[in-house]
S.K.: 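Quick one: this structure, given as structure tokens, is what I'll be asking you about.
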Amino acid sequence: MIGRNDPCPCGSGKKYKKCCESKETITIEEVQTEELERILQTFYDEYPERKDIPAFQELVEKWNDSLKQYLDMEMIEAIVLDEFFFHHKPEIWTNYLEKQRKKIVRPSTLNAIKQWKEPRVFVGEVIDVDDHYMTVVHILTKETIRLRREGEKPVPVGVHMYCFILPDGTSKEEHYLAISSLIFFPTDHQNVFADFVSQFEAQDKLSAPAFLKEKATTLWTLLGENGYEGGEYTHFEAGVLQVAIDFLEKNNRDYQKLLEIVEDYLVEQQPNARKEVAISAGAIRFGQENGFFEPLDMTIKEIAESFEVSTSSLNKYYNELNLYYKNWTSSK
């Protein structure tokens, strides 16, 4: 048992009574994780500095010339920001880390950021997901890592992702966190990543990191040419949601609460429907019977007819959504 006057096991250098005694329910790992997250957030709050803005804007304009027909400026700037920091001006990051090292007290946090000198871009395919991490395979090198999840939104196996990564500060090998934007791509674009891998394998001049740096805009251009606009849903999933939204707007009903469940259901369950409208119709019955919007003056048959689907198709996805929602609520 830790005495009140013993050194705090979190490594702060303070006595236990002056540090973590009042936080007994918080683990040392949680304290360190929070500190590392603050270090990352502070970096993005303070940088780029005014003197670096012209160089950053120049890089944004270069990317915008290639991608403006596919992506909005806000997303282009978010992608370019990490490229600027970690591929074009890495001294900004290393100088910031050096300043932080002088402020950090906990040895465990210091040891963690010693591994943070060289953030790297990771483009991979998700092959497994658990409560806290996803297992991801690098598309070029086949390196397998465990990447920390950033929230409770479901992540389906088989999607591709893009981000810059750093070791997550735990003692576990190959465990990483995303530095800023963790972007997932709908499965509509799997062929793009296959094409990109083929381009890499057709040359032997550049290593995988160098190839990802030099061909960064190429990957995003290929995605844009394939219809990617920055959304997280496949064309099919987006169609299901839009049909349901249009129906509820036409009938003056709110759709936000229903959409939260249907979005997660589509991503996590990947229903194999022949028609988008069948799922949309099932979602309307599901939303009505679970009180997600003011009841419609329509029978189940009338809802099905308005979507031009059979009541059996409507009920199939209504039942699936009900089961999903039951499991979803029980896990909260």
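Here the structure is a predicted model, which means the values were calculated and not measured.
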S.K.: Taking NZ, NE, NH1 and NH2 as the nitrogens, is one of them in K62 or E58 under 4.0 Å from a carboxylate oxygen of the other?
M.R.: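 Looking at K62 and E58, the cut-off is not met.
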S.K.: Using 0.5 Å steps for rounding, measure from the CD atom of E83 to the CZ atom of F56.
M.R.: 11.0 Å
S.K.: Do we see a donor-acceptor contact under 3.5 Å between the side chains of E268 and Y324?
M.R.: yes
S.K.: F286 and ring pair (Phe, Tyr, Trp, His ring centres under 6.0 Å): which partner among Y317, F292, Y318?
M.R.: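 Option passing the ring pair (Phe, Tyr, Trp, His ring centres under 6.0 Å) with F286: F292.
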S.K.: Each residue besides L323 in its hydrophobic cluster should be listed here, by chain and number; the cluster joins Ile, Leu, Val, Met, Phe, Trp and Tyr at side-chain heavy-atom distances under 4.5 Å.
M.R.: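 Reading the cluster by chain and number, L323 sits alone, since nothing else belongs.
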S.K.: Please report the interatomic distance CZ(R285) to OG1(T311), rounded to the nearest 0.5 Å.
M.R.: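 Nearest 0.5 Å value for the CZ-OG1 distance: 9.5 Å.
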S.K.: Between F307 and F247, how do the two ring planes meet: parallel, tilted or perpendicular, split at 30° and 60°?
M.R.: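 Correct class here is tilted.
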S.K.: Hey, quick one: are M75 and F184 part of the same hydrophobic cluster, counting side-chain heavy atoms closer than 4.5 Å, chains of contacts allowed?
M.R.: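 Different hydrophobic clusters.
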S.K.: Report yes or no: do Y44 and D82 form a side-chain donor-acceptor pair below 3.5 Å?
M.R.: yes
S.K.: Between L177 and T33, is there a side-chain heavy-atom distance shorter than 4.5 Å?
M.R.: no
S.K.: Find out if a path of hydrophobic residues (ILVMFWY) with successive side-chain heavy-atom gaps under 4.5 Å connects I127 to F196.
M.R.: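 Different clusters.
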S.K.: Kindly indicate whether the side chain of L81, heavy atoms from C-beta on, has any atom under 4.5 Å from the side chain of F85.
M.R.: yes
S.K.: Can you get from F236 to Y265 by hopping between Ile, Leu, Val, Met, Phe, Trp and Tyr side chains that sit under 4.5 Å apart?
M.R.: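 Same cluster.
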S.K.: Count I, L, V, M, F, W, Y as connected when their side-chain heavy atoms are under 4.5 Å apart, and connections chain through other members. Are I245 and L321 then in the same cluster?
M.R.: yes
S.K.: For Q199, look at atom CD and say whether over 12 heavy atoms of other residues, nucleotides or ligands are found less than 6.0 Å away.
M.R.: yes
S.K.: Strictly by salt bridge (Lys or Arg N to Asp or Glu O under 4.0 Å), give each pair with a member in residues 168-188 just once, sequence neighbours left out.
M.R.: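 Sorted pair list: R148-D168.
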S.K.: Aromatic rings F164 and H87: how do their planes relate, parallel, tilted or perpendicular, breaks at 30° and 60°?
M.R.: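 If you compare the ring of F164 with that of H87, the planes turn out perpendicular.
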S.K.: Can you find a pair of side-chain heavy atoms, one from L258 and one from R253, that are under 4.5 Å apart?
M.R.: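 Contact flag for L258/R253 side chains = no.
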S.K.: Quick one: list whatever passes ring pair (Phe, Tyr, Trp, His ring centres under 6.0 Å) with Y233, sequence neighbours left out.
M.R.: none
S.K.: Can you tell me how far CD1 of I113 sits from CD1 of I104, rounded to the nearest 0.5 angstrom?
M.R.: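 Nearest 0.5 Å value for the CD1-CD1 distance: 3.5 Å.
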S.K.: Looking at K153, I'd like to know if its NZ atom is crowded, meaning that more than 12 non-hydrogen atoms belonging to other residues, nucleotides or ligands lie closer than 6.0 Å.
M.R.: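 Yes, NZ of K153 has more than 12 neighbouring heavy atoms, counting only those of other groups under 6.0 Å.
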S.K.: Transitively linked via ILVMFWY side-chain contacts under 4.5 Å: L223 with V126?
M.R.: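 No, it is not one cluster - the side chains of L223 and V126 are not joined through contacts under 4.5 Å.
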